[in-house]
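Please read all numbers here as calculations on a predicted model, not as lab measurements. Positions are given from 1 along the sequence. Computed from heavy atoms alone, side chains included, the values below leave out hydrogens, waters and symmetry copies.
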Amino acid sequence: MKRKSKVAIIIIVIVAAVTIFGYIQYVSATQLHVSMKSSEIVERTNEGTLYRINLEFENTSFMILNIGKTDFVISAEGQSLGAGILEPTIIPAKGKSIVETPFLADNSVLDKYEQGDNSPSLRLDGKTRYDLLFTTLDIPFTYFPTQEEAREFIHGQ
């Protein structure tokens with residue numbers, strides 16, 4: 001009888017430890033760190049200004065994250081500059097991944113800030129989909145570029 005009790009206690013402890021570890025990794029996976037590493041104006045037309053943007057995703061968990069389609073919007077002073085979509089990618093455990101994407105900005109909003117050294121506060125909002133072992137998570141994120149990053153983005157420098 002004593003042996004069965006010890007085995008049961010060991011199994012309960014192992015299940016509890018795995019559950020706690022899994023929950024901690026889930027919380028880490030939902031803490032998505034995003035930053036804009038670079039942006040470059042590719043072409044300006046009457047339909048908008050085409051940018052090439054590099055976004056960096058940081059994975060703070062011990063799990064390899066398979067990020068699915070990611071939708072994002074960039075706004076300047078509350079006005080939408082446009083929306084973009086990132087292709088699926090993989091972020092290594094405790095690592096970073098840079099994803100390049102095209103982005104078409106609305107010229108009518110850009111024109112307000114292109115003259116002089118005036119740069120608006122930018123905001124990048126998005127939602128990414130993680131495909132984990134047994135489930136899929138939709139994780140929202142927000143990134144506020146620095147004034148220097150905003151100036152570089154608006155003026156294409």
Side-chain angles (χ1 to χ4, degrees), residues 18-157:
V18 168
T19 302
I20 290 169
F21 179 77
Y23 178 74
I24 290 170
Q25 294 311 301
Y26 165 78
V27 170
S28 292
T30 61
Q31 303 300 312
L32 182 63
H33 299 279
V34 179
S35 61
M36 186 182 297
K37 295 315 274 183
S38 66
S39 64
E40 173 186 358
I41 294 176
V42 176
E43 179 181 25
R44 184 176 172 110
T45 65
N46 292 336
E47 295 157 13
T49 299
L50 180 62
Y51 285 85
R52 182 177 308 126
I53 299 174
N54 287 308
L55 298 176
E56 181 180 75
F57 290 84
E58 183 177 0
N59 177 6
T60 60
S61 76
F62 290 107
M63 296 186 305
I64 295 171
L65 295 179
N66 182 9
I67 295 179
K69 185 179 107 177
T70 301
D71 300 315
F72 69 94
V73 174
I74 298 177
S75 56
E77 301 294 337
Q79 286 188 292
S80 176
L81 276 172
I85 298 174
L86 296 172
E87 293 301 316
T89 190
I90 294 175
I91 306 174
K94 298 301 253 179
K96 298 177 182 180
S97 180
I98 294 180
V99 181
E100 183 177 284
T101 186
F103 175 78
L104 187 63
D106 183 343
N107 285 340
S108 64
V109 177
L110 279 178
D111 290 344
K112 295 177 185 179
Y113 305 104
E114 280 192 333
Q115 301 304 319
D117 203 26
N118 183 18
S119 57
S121 294
L122 293 183
R123 178 179 171 144
L124 186 146
D125 290 298
K127 182 175 67 171
T128 189
R129 176 164 286 194
Y130 286 128
D131 294 323
L132 299 175
L133 295 175
F134 301 108
T135 188
T136 299
L137 302 171
D138 285 335
I139 306 298
F141 61 87
T142 299
Y143 175 66
F144 295 96
T146 64
Q147 282 300 109
E148 183 178 326
E149 290 170 330
R151 185 173 27 264
E152 289 173 3
F153 181 83
I154 295 295
H155 300 293
Q157 300 168 345

Would you say that [X] contacts [Y] through its side chain, given a criterion of any heavy-atom pair below 4.5 Å between the two side chains?
{"X": "I53", "Y": "I74", "value": "yes"}
{"X": "Q147", "Y": "S121", "value": "yes"}
{"X": "V34", "Y": "F72", "value": "no"}
{"X": "L110", "Y": "L81", "value": "yes"}
{"X": "E77", "Y": "K112", "value": "no"}
{"X": "L124", "Y": "L55", "value": "yes"}

Mind checking the [atom1]-[atom2] spacing from [X] to [Y]? Nearest 0.5 Å is all I need.
{"X": "K37", "Y": "K96", "atom1": "NZ", "atom2": "NZ", "value": "6.5 Å"}
{"X": "F57", "Y": "L86", "atom1": "CZ", "atom2": "CG", "value": "5.0 Å"}
{"X": "I154", "Y": "S39", "atom1": "CD1", "atom2": "OG", "value": "9.0 Å"}

Examine distances only and state if a side-chain atom of [X] and a backbone atom of [Y] form a donor-acceptor pair shorter than 3.5 Å.
{"X": "N107", "Y": "T45", "value": "yes"}
{"X": "T142", "Y": "R123", "value": "no"}
{"X": "E43", "Y": "T49", "value": "no"}

Subject >> V109, V73, D125 screened by side-chain contact (heavy atoms from CB on, under 4.5 Å) with S80, the one that passes >> reply: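 By the side-chain contact (heavy atoms from CB on, under 4.5 Å) criterion, S80 pairs with just one of V109, V73, D125: V73.
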Which atom names give the shortest non-hydrogen contact between [X] and [Y], and what distance separates them?
{"X": "P120", "Y": "A150", "result": "O-CB, 3.4 Å"}
{"X": "S97", "Y": "I91", "result": "CB-CG1, 3.9 Å"}
{"X": "L50", "Y": "L104", "result": "N-CD1, 3.9 Å"}
{"X": "A76", "Y": "L122", "result": "CB-CD2, 3.7 Å"}
{"X": "F141", "Y": "K127", "result": "CE2-N, 3.7 Å"}
{"X": "N54", "Y": "E100", "result": "OD1-CB, 3.2 Å"}

Original post:
Using the ring of each side chain (for Trp, its six-membered ring), is F153 parallel, tilted or perpendicular to Y51, with breaks at 30° and 60°?
Top reply: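 Aromatic pair F153/Y51 classed parallel.
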Original post:
Would T101 and E87 satisfy side chain to side chain contact (heavy atoms under 4.5 Å, CB included), going step by step from the backbone distance to the final call?
Top reply: CA-CA 8 Å; T101 186; E87 293 301 316; over 6 Å; no
